[in-house]
Amino acid sequence: MNLANHVKDPTHLTSHSQSLIGIVFTNAPVACINVEYIPDLGAHAFILTEFKLSRPKALPKLQFRPLKDIDISNHNKVTALIPWHLIERFTDVNKMIDTFNRYIIELFDRFASIKTKVIKNL
């Protein structure tokens with residue numbers, strides 16, 4: 001985990017002792033850390049920590065269907081079994097298109113499912 005305590009100054013102060021009991025453990029880069037004793041807070045010091053945080057860049061992803069891997073003979077057999085004639089029965093063109101798209105997507109999902117590849121070098 002590579003955790004480190006970034007507080008080096010005493011955080012608990014009394015008239016006869018000083019000790020380090022306030023800690024900040026992290027593996028994140030710290031920009032600055034201030035330990036400030038404010039008597040009104042009692043014997044405990046106020047710890048102010050500023051971190052250098054950055055969101056890692058997301059690598060671009062490419063989604064594709066490996067069409068070259070389709071078994072054409074099997075694909076043609078399954079395509080012949082799709083009830084294409086049902087599309088003609090709809091009077092609403094939107095239902096026709098939705099049904100056609102569903103048939104095509106189901107066909108490709110079966111024979112060339114979507115693959116995702118992370119592009120590392122652009």
Output all residues satisfying side-chain contact (heavy atoms from CB on, under 4.5 Å) with [X], sequence neighbours left out; order by chain, then residue number.
X	answer
Ala31	Glu50, Lys52
Ile82	Trp84, Tyr103, Leu107
Gln18	Pro10, Leu13

Quick check: is [Y] connected to [X] through a chain of hydrophobic side chains (ILVMFWY, heavy atoms under 4.5 Å apart)?
X	Y	answer
Val78	Phe100	yes
Phe111	Ile104	yes
Ile114	Ile105	no

Measure the [atom1]-[atom2] distance between [X] and [Y] for me, rounded to the nearest 0.5 Å.
X	Y	atom1	atom2	answer
Thr26	Leu3	OG1	CG	7.0 Å
Ile47	Glu36	CD1	CD	11.5 Å
Ile23	His6	CD1	NE2	11.5 Å

- Hey, could you give me each pair passing ring pair (Phe, Tyr, Trp, His ring centres under 6.0 Å) that has a residue in residues 17-60? Not counting sequence neighbours.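 Qualifying pairs: His12-His44.
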Would you be so kind as to tabulate the donor-acceptor pairs closer than 3.5 Å made by side chains of residues 85-97, with sequence neighbours excluded?
unit_1 : atom_1 : unit_2 : atom_2 : d
Asp92  : OD1    : Asn94  : N      : 3.0

- Query: Closest approach of Thr11 and Gly22, non-hydrogen atoms and distance?
  - Reply: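 In this case the closest contact between Thr11 and Gly22 is OG1-N, 2.5 Å.
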- Heavy atoms, side chains only, cut-off 4.5 Å: are Asp9 and Leu20 in contact? no
- Item | Derivation and outcome, salt bridge (charged side-chain N to carboxylate O under 4.0 Å, His left out), residues Arg110 and Glu106 | CA-CA 6 Å; Arg110 180 171 178 176; Glu106 287 173 1; over 6 Å; no
Show me, pair by pair, the donor-acceptor contacts under 3.5 angstrom made by side chains of residues 60-74, not counting sequence neighbours?
unit_1 : atom_1 : unit_2 : atom_2 : d
Arg65  : NH1    : Phe108 : O      : 3.2
Arg65  : NH1    : Asp109 : OD1    : 3.1
Arg65  : NH1    : Ala112 : O      : 2.8
Arg65  : NH2    : Asp109 : OD1    : 3.0
Asp71  : OD1    : Ser73  : N      : 3.3
Asp71  : OD1    : Asn74  : N      : 3.4

